[in-house]
Amino acid sequence: MEDLMNKEVWFVTGSQHLYGSETLEQVDKDSSTIVAGLNGSGKLPIKVVFKPVVKTPEEILDICVDANSEKNCIGIITWMHTFSPAKMWIAGLRALQKPYMHLHTQFNRDLPWSEIDMDYMNTHQSAHGGREYGFINARMRKNRKVVVGHWKDAKVQDQVAAWCRTAIGWDESKHLKVARFGDNMRNVAVTEGDKVEAQIKFGWEIHAYGVGDLVEYVEKVSDAEVDALYAEYEKLYAVADDCKPGQKYHENVRVQARYEIAMKRFMKDGGFGAFTTNFENLTGLAQLPGLASQRLMEAGYGFGAEGDWKQAALLRIIKVMSQGLKGGSSFMEDYTYHMNPANEGVLGSHMLEVCPTIAAKKPRLEVHPLGIGGKDAPARLVFESATGDAMNVTLIDMGNRFRIIVNTLDVIEPLAQLPKLPVASAFWKTHPNLADGAAAWIYAGGTHHSAFTLALTPDYIETFAELADVEFVIIDKETKVSEFKKELRWNDVYYLLNGSLKA
Ligand code: MN
C-alpha cells in the first residue's frame, strides 16, 4: 500500500491573557515539550505539529479555519494548560471540520508537595480548565475524543496514536472512491443502500461500471506481464501441481493474473481505493475474479462481493488505519456454524475472496470449479486465518441513518483439518457466545458480510462512527441481548432528534 502516514496533526493549547506574559511563555514552552515528547515516543504513526498557544476567540477561530484548509493537517489535539473561558471556543468549534481530540493531561505528573504555591496553581489548571472546555463541547453536542492521563504514560500515548490512526482513516474516507464492477446481487437487501447519503456522511464516491469497461483493460494486458506476475505467485505461494506451466489449470491461473493487472490499472487510472464484483455480472469475463480480488485486497484495496460497496469502503478504511500494525484485515462472511454445545464456533469464509494478509501460513494457490455462476473454474488462494483477538465490522443502511455494528471475536485454530475446503477460512468464537452474539447481530440487522480485522480494536471504529456522526453499536463480552435491544430502540429515537440537538 502507498504510504499514508505522511500527514500531520496539530497541537493546540488553550489559555487566555489573564495570567500575564510570563505564564503564557511557560505555557508555550510546556506545550512544545509535550509535542516533542509525543513525537519522540515512537508510538505515533504521524507527526504532531506544535502551534502557539491560543488566547482569544479570534486566535481560536483562525487556527480552526487554518486546520480546515491545510490539506496535510488531518486533525487537531486540543489541550487546556490553564483555564480558557470556553465561550471563546464557540466560533472555532462551529467552524472546525477536522477531527479533534481533547487531551486532558497536565504538564507535571506529580504534585510538588513541598513547593506548591499559588503561582504553581495558576499555571497548572488543566483539571478545571479541561472541564470548562468539556462543557462547551458537551453543550454543542460535539463528537470528540477525550483522552485522560499524563502525556508520558504509555497508555495515554497509545490512545493518542489510535486516535491519529482513526483520523487518517477519516481523511481516507473523505477522499475514497469505490469502483463497482457490475451492480448489486439481484434481490439482495442488505448490500443495498443510499449512495448519496454515504457520500454526504462518509465522503465516498461510489461509481458503477459495466463489466465491459474492465474487459477492455483485461484485453490490453500483455503475455509478458502475465509471465512476470505468475513468477511472483510461484515465489509467494505454494502453487498446486495442476496449476503449474503445462498443466491442466495453468491457463486458469494466468486468466486471474490478467484480471489482477487489469483491475489494478483500472483502479489506479480512476483513483479508486476499493471495489466490488458480482458473480451475476461477469459478461465477457471467463471466471469470477478470485485470486485477483484476493491479491488486490493484499495490496491494500477494499473489497466487497455481490456489489457490497459499504463493506468494500469499510475494509479500505480499516486497512488504511492499520497500516504498519500487526495483523491483517479481510472481507469476510459468516458462512457456516459449528453448533456443538461443547465447543461452538463460526467458520467464516467466502466463495473465493478472503485476503491473504490474515493467513497463518503460506497460502496455497489452487483451481477448483465454482458451484454457482456457471463460469470457468477460478484460481484462488487457500489458507486458514491467523488466530487472536479480532472483530467483524459491518455497515448497514437503516433508511434514516447508517448503523455500524462491531462484534468482537476470538479467532482460534480450526478444531480439525479441512482437507476438502477449497477456499480460505477463519474459525472464531463469537462474543459473548454464539447464541447471544448472533442474536444481537441479527436484531441489529447486521449483514452476512463484514470487514474482519485482526489489527484493530473496537475503539477505532467507535471514533470513526462519531466522526461520520452515524450510529455505532458493539456486541462484545459484556453484551446482554435484552439491554442491547433497548439500545437499538433508544437509538431510533435519538436519531430522530440528533440534528435538532447539535449546535
Ligand atoms: Mn457474499
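Note that the numbering runs from 1 along the sequence shown for the chain.
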Mind checking whether [X] and [Y] have side chains closer than 4.5 Å, heavy atoms only?
{"X": "Met1", "Y": "Val320", "result": "yes"}
{"X": "Leu214", "Y": "Arg265", "result": "no"}
{"X": "Tyr460", "Y": "Ile318", "result": "no"}
{"X": "Gln323", "Y": "Pro45", "result": "no"}
{"X": "Val218", "Y": "Tyr259", "result": "yes"}
{"X": "Asn392", "Y": "Asp334", "result": "yes"}
{"X": "Glu306", "Y": "Gln311", "result": "no"}
{"X": "Lys174", "Y": "Gln97", "result": "no"}

### Query
How far apart are the C-alpha atoms of Tyr217 and Asp269, what are their side-chain angles, what is the distance that settles it, and do they pass the side chain to side chain contact (heavy atoms under 4.5 Å, CB included) test?
CA-CA 11 Å; Tyr217 274 74; Asp269 286 354; 2.7 Å; yes
[X] side chain to [Y] main-chain N or O, any donor-acceptor pair under 3.5 Å?
{"X": "Arg165", "Y": "Met321", "result": "yes"}
{"X": "His250", "Y": "Cys243", "result": "yes"}
{"X": "Arg316", "Y": "Gly300", "result": "yes"}
{"X": "Thr394", "Y": "His449", "result": "yes"}
{"X": "Asp242", "Y": "Tyr249", "result": "no"}
{"X": "Arg380", "Y": "Met351", "result": "no"}
{"X": "Trp490", "Y": "Lys485", "result": "no"}
{"X": "Gln294", "Y": "Val354", "result": "yes"}
{"X": "Asn281", "Y": "Gly210", "result": "no"}
{"X": "Glu487", "Y": "Val473", "result": "no"}

Point-to-point distance, once rounded to the nearest 0.5 Å, from [atom1] of [X] to [atom2] of [Y]:
{"X": "Phe181", "Y": "Thr276", "atom1": "CZ", "atom2": "OG1", "answer": "8.0 Å"}
{"X": "Leu501", "Y": "Arg141", "atom1": "CG", "atom2": "CZ", "answer": "5.0 Å"}
{"X": "Asp171", "Y": "Leu467", "atom1": "CG", "atom2": "CG", "answer": "11.0 Å"}

Could you check whether [X] pairs with [Y] (Lys NZ or Arg NE/NH1/NH2 to Asp/Glu carboxylate O, under 4.0 Å)?
{"X": "Lys310", "Y": "Asp397", "answer": "no"}
{"X": "Arg254", "Y": "Asp227", "answer": "yes"}
{"X": "Arg401", "Y": "Asp492", "answer": "yes"}
{"X": "Glu298", "Y": "Arg295", "answer": "yes"}
{"X": "Asp158", "Y": "Lys155", "answer": "no"}
{"X": "Arg258", "Y": "Asp223", "answer": "yes"}

### Task
Begin with the C-alpha distance, continue with both residues' side-chain angles, and end with the deciding distance and a verdict on side chain to side chain donor-acceptor pair (under 3.5 Å) for Ser425 and Ser349.
CA-CA 5 Å; Ser425 64; Ser349 185; 5.7 Å; no
### Message
By the salt bridge (Lys or Arg N to Asp or Glu O under 4.0 Å) test, which pairs, at least two apart or in different chains, include something from residues 455-465?
### Response
Lys145-Asp459
### Query
Under the side chain to side chain donor-acceptor pair (under 3.5 Å) criterion, do Asn343 and Asn340 qualify, and how do the steps go?
CA-CA 6 Å; Asn343 208 352; Asn340 182 335; over 6 Å; no
Ring-plane angle category for [X] and [Y], please: parallel below 30°, perpendicular beyond 60°, tilted otherwise.
{"X": "Trp170", "Y": "Phe464", "answer": "perpendicular"}
{"X": "Trp204", "Y": "Phe202", "answer": "parallel"}
{"X": "Phe272", "Y": "Phe266", "answer": "parallel"}

Report, as yes or no, whether the 6.0 Å neighbourhood of atom [atom1] on [X] holds more than 12 heavy atoms from other residues, nucleotides or ligands.
{"X": "Tyr495", "atom1": "OH", "result": "yes"}
{"X": "Lys502", "atom1": "NZ", "result": "yes"}
{"X": "Lys47", "atom1": "NZ", "result": "no"}
{"X": "Lys375", "atom1": "NZ", "result": "yes"}
{"X": "Glu413", "atom1": "CD", "result": "no"}

Exercise: identify the closest heavy-atom pair between [X] and [Y]:
{"X": "Arg180", "Y": "Gly307", "value": "NH2-O, 3.6 Å"}
{"X": "Pro432", "Y": "Thr479", "value": "CG-O, 3.6 Å"}
{"X": "Ile74", "Y": "Cys164", "value": "CD1-O, 4.1 Å"}
{"X": "Thr105", "Y": "Gly149", "value": "OG1-O, 2.8 Å"}
{"X": "Ser293", "Y": "Thr277", "value": "OG-CG2, 4.3 Å"}
{"X": "Ser329", "Y": "Thr453", "value": "OG-OG1, 2.9 Å"}

### Query
Given the rule in the side chain to side chain contact (heavy atoms under 4.5 Å, CB included) test, do Tyr230 and Val239 qualify, once you have shown the distances and angles that lead to the verdict?
CA-CA 10 Å; Tyr230 178 76; Val239 179; 3.6 Å; yes
### Task
Could you check Asn252 against Asp376 for side chain to side chain donor-acceptor pair (under 3.5 Å), going step by step and ending with a plain yes or no?
CA-CA 8 Å; Asn252 299 51; Asp376 287 357; 5.4 Å; no
## Note on the structure
side-chain contact (heavy atoms from CB on, under 4.5 Å) test vs Pro378 passes for just one of Val255, Leu285, Leu352, Val253, namely Leu352
#### Entry: Asp389 and its side-chain contact (heavy atoms from CB on, under 4.5 Å) partner, picked from Asp410, Leu456, Leu409
Asp410
### Query
Which pairs with one or both residues in residues 294-330 pass ring-ring contact (aromatic ring centres under 6.0 Å, His included), sequence neighbours excluded?
Phe275-Phe303, Phe303-Phe331
### Query
Passes side chain to side chain contact (heavy atoms under 4.5 Å, CB included), His338 versus Leu434? Steps please.
CA-CA 10 Å; His338 184 60; Leu434 179 56; over 6 Å; no
### Task
Report the C-alpha separation of Glu260 and Tyr233 in whole Å, then their side-chain angles, then the decisive distance to 0.1 Å, and conclude whether the side chain to side chain donor-acceptor pair (under 3.5 Å) test is met.
CA-CA 12 Å; Glu260 178 184 334; Tyr233 295 165; 2.6 Å; yes
### Query
Does the pair Trp163 and Val9 meet the rule for a side chain to side chain contact (heavy atoms under 4.5 Å, CB included), with working shown?
CA-CA 10 Å; Trp163 176 82; Val9 295; 3.9 Å; yes
